[in-house]
S.K.: 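To start, I am sharing the structure in question, which I have written as structure tokens.
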There are 2 protein chains.
Amino acid sequence: MARPRKPLLSRERIVGAASALVDAEGLDAVSTRRLAAQLGVSGPSLYNHFRNKDEILDAVADAVSAKVDLSMFDESDPRDWRTALHDWAVSYRAALTEHPNIVPVLARGPGRRPAGLRVADAVFGAMVRAGWPPAQATRIGALMRYFITGSALGSFARGFVDDETAYDPGDYPHLGQAHLLADRQEEIDEGAFETGLRALLDGLTAQYPTAATAARAGGAGRSRADGP
Amino acid sequence: MARPRKPLLSRERIVGAASALVDAEGLDAVSTRRLAAQLGVSGPSLYNHFRNKDEILDAVADAVSAKVDLSMFDESDPRDWRTALHDWAVSYRAALTEHPNIVPVLARGPGRRPAGLRVADAVFGAMVRAGWPPAQATRIGALMRYFITGSALGSFARGFVDDETAYDPGDYPHLGQAHLLADRQEEIDEGAFETGLRALLDGLTAQYPTAATAARAGGAGRSRADGP
DNA sequence: ACCTGAACACCGTTCAAGT
DNA sequence: ACCTGAACACCGTTCAAGT
């Protein structure tokens, strides 16, 4: 065929097909050859649009980040950082659990993908506006990410086998009911997420700088070390 | 050569060589052929000891779980669940950051690997002994796992590029200092972990059932739904 | 610029054959 | 039981050739 008058491919089409393949069959099922076949082209064509396969998967992950709702950081009272952080975390987790197979890629870090950066930017900006010192705002963005991606990645309950004999009481004295976890996977993971999120927000609320502690810490102003 | 009088391989030798390869060159560098070459055998020999490559990587991950210190759950005052949970989390994270390349495998879930199960068993048992209702103890084990593996997996700072021009202020109004994060990776990730761990423990302390709430919740005793 | 087929250097896994 | 080489059906990526 050689070069067609109108390009057969685009980054968007490739990312769309790759997303569908990841969702349907998992990360391991994505090969450049299979992906190209679904797009009706030959394997090497993809390399006109992406440098390599990893870049395609990064773009798939970033498309998920792009779906995370960030409006709560603009619209709400900037002083109510707790509610905004809560609603964002729930929205973020929902976006990830809709596409669980790409989470390992997404969890590799936010720093090089535009939508992931937009998320980091929004959280950091909102926390600073709410009165958190910049160094703490950086930490909050990071630790929330840890918890959210960790919960989307490592389904705790999914890891257990639905087999009463799998967990020998001699080896695991407290796991007598563990085989029941497999059945109630979603409920348990969601309960753990909610309990953890509440604990995190309660704990952060307790660390929120009052006027007194802010005055004690103040004076130096924002330094180079406060990031990002 | 065919069959030697003394086996050339063992599961332990294979796991050891695989661990070294993962640590030195990353997950992608592990192929059955390279691994076999380092062990002085041909590729298919591995299949006499493991069903497939995934099982080898699972065993590598489990070897890391086996290094997590669990003694705090036996030795300390069972009422001091907070200190035990803290020390365990620090020990767990330390084990993971020593072998960051295997964390994606480990994060897939604890349910099928013996050392991972031993960890889940110890945490669950200690929380129940400390007075947490079983359903909450399950959640605590899960949410702590989320946070710890999330923090080991997705280094927040590592994701940023050390390039002042990489973060356009038009796109990311609050990320003016983001390129500085790359330099101070370890410090930032550790600070975020510590801040988050403290927040989680503070928040859980606030949720710890007092005698009053325990009495209110009591009566039914432990039910099938409390897992695990 | 954007596609193609051919080619290179790999993969994971199966299997019959050897001791 | 435990290793081997050969073989199968794949990979990601490069590159010259085509329009």
Side-chain angles (χ1 to χ4, degrees), chain A residues 1-62 101-102 104-106 108 112-113, chain B residues 1-62 101-102 104-106 108 112-113:
Chain A
M1 178 184 305
R3 181 183 175 225
R5 318 223 213 72
K6 242 204 135 229
L8 296 173
L9 293 178
S10 65
R11 288 176 69 94
E12 291 68 33
R13 272 199 76 215
I14 295 170
V15 171
S19 297
L21 197 50
V22 168
D23 285 346
E25 303 192 40
L27 266 185
D28 288 347
V30 181
S31 79
T32 55
R33 288 165 142 105
R34 279 195 67 185
L35 182 53
Q38 292 212 350
L39 290 160
V41 299
S42 80
S45 304
L46 301 172
Y47 291 82
N48 286 298
H49 304 269
F50 288 93
R51 260 207 292 272
N52 52 42
K53 183 183 159 182
D54 260 14
E55 265 195 10
I56 299 176
L57 292 177
D58 271 346
V60 171
D62 211 42
N101 296 335
I102 198 66
V105 176
L106 200 144
R108 287 201 290 236
R112 283 153 221 265
R113 294 184 292 258
Chain B
M1 177 184 305
R3 182 185 175 223
R5 317 224 214 72
K6 241 206 137 224
L8 296 173
L9 293 178
S10 65
R11 287 177 69 95
E12 290 68 36
R13 272 198 75 214
I14 294 170
V15 170
S19 296
L21 196 50
V22 168
D23 284 346
E25 304 192 41
L27 266 185
D28 288 347
V30 181
S31 78
T32 55
R33 286 165 142 104
R34 280 194 66 183
L35 182 52
Q38 292 211 351
L39 290 160
V41 299
S42 79
S45 304
L46 301 172
Y47 291 82
N48 286 297
H49 303 268
F50 289 93
R51 259 206 293 271
N52 53 42
K53 185 182 158 180
D54 259 15
E55 264 196 10
I56 299 176
L57 292 177
D58 271 346
V60 172
D62 211 43
N101 295 336
I102 198 65
V105 176
L106 200 143
R108 287 202 292 237
R112 283 153 222 266
R113 293 183 292 258

S.K.: Any side-chain N or O of B:His49 under 4.0 Å from OP1/OP2 of D:dA1?
M.R.: no
S.K.: Choose from D:dC2, D:dA6, C:dC11 the nucleotide whose nearest atom is closest to any side-chain atom of B:Pro44.
M.R.: D:dA6
S.K.: Which heavy atom of B:Leu8 sits nearest a heavy atom of B:Arg13, and at what distance?
M.R.: O-NH1, 2.6 Å
S.K.: Given atom CG of A:Leu8 and atom P of C:dC2, what is their separation to the nearest angstrom?
M.R.: 11 Å
S.K.: In whole angstroms, how far is the P atom of C:dC3 from the NZ atom of A:Lys6?
M.R.: 11 Å
S.K.: For A:Arg13 and C:dC3, give me the distance from atom CZ to atom P, rounded to whole Å.
M.R.: 9 Å
S.K.: Would you indicate which nucleotide in C:dC2, D:dC2, C:dT4 comes nearest to any side-chain atom of B:Pro4?
M.R.: D:dC2
S.K.: Between B:Ser45 and B:Val41 (side chain of the first, backbone of the second, donor and acceptor by atom type, cut-off under 3.5 Å), is there such a pair?
M.R.: no
S.K.: For C:dA7, what is the paired nucleotide under Watson-Crick or G-U wobble rules, both distances under 3.5 Å?
M.R.: D:dT13
S.K.: Of all heavy-atom pairs between B:Ile14 and B:Leu9, which one has the smallest distance, and what is that distance?
M.R.: CD1-CD1, 4.2 Å
S.K.: Taking CZ from B:Arg51 and C1' from C:dG12, how many angstroms apart are they, rounded to a whole number?
M.R.: 16 Å
S.K.: Closer than 4.0 Å, any side-chain N/O of B:Ser45 to the OP1 or OP2 of D:dC2?
M.R.: no
S.K.: C:dT4 P sits how many Å from A:Tyr47 OH, rounded?
M.R.: 14 Å
S.K.: Determine: side-chain N/O of B:Thr32 to OP1/OP2 of C:dG12, distance under 4.0 Å, yes or no.
M.R.: yes
S.K.: Please say which of B:Val22, B:Asp54, B:Asp58 ends up in a side chain to side chain contact (heavy atoms under 4.5 Å, CB included) with B:Val105.
M.R.: B:Asp58
S.K.: Any strand is fair game: report the nucleotide pairing with C:dT19 by Watson-Crick or G-U wobble, both distances under 3.5 Å, or none.
M.R.: D:dA1
S.K.: Calculate the interatomic distance between B:Ile14 atom CD1 and D:dC2 atom P; express it in whole Å.
M.R.: 11 Å
S.K.: Using atom CG of A:Asn48 as one end and atom P of C:dC2 as the other, report the distance to the nearest whole Å.
M.R.: 7 Å
S.K.: Once you apply a heavy-atom cut-off of 4.0 Å, does B:Arg33 come out as touching a base, just sugar-phosphate, or nothing?
M.R.: base
S.K.: Rounded to whole Å, how long is the line connecting atom CG of A:Leu35 with atom P of C:dC3?
M.R.: 13 Å
S.K.: With a cut-off of less than 4.0 Å, is there a side-chain N or O of A:Ser31 near OP1 or OP2 of D:dC11?
M.R.: yes
S.K.: Taking all non-hydrogen atoms of both residues into account, name the closest pair between B:Val30 and B:Lys53 and its distance.
M.R.: O-NZ, 2.8 Å
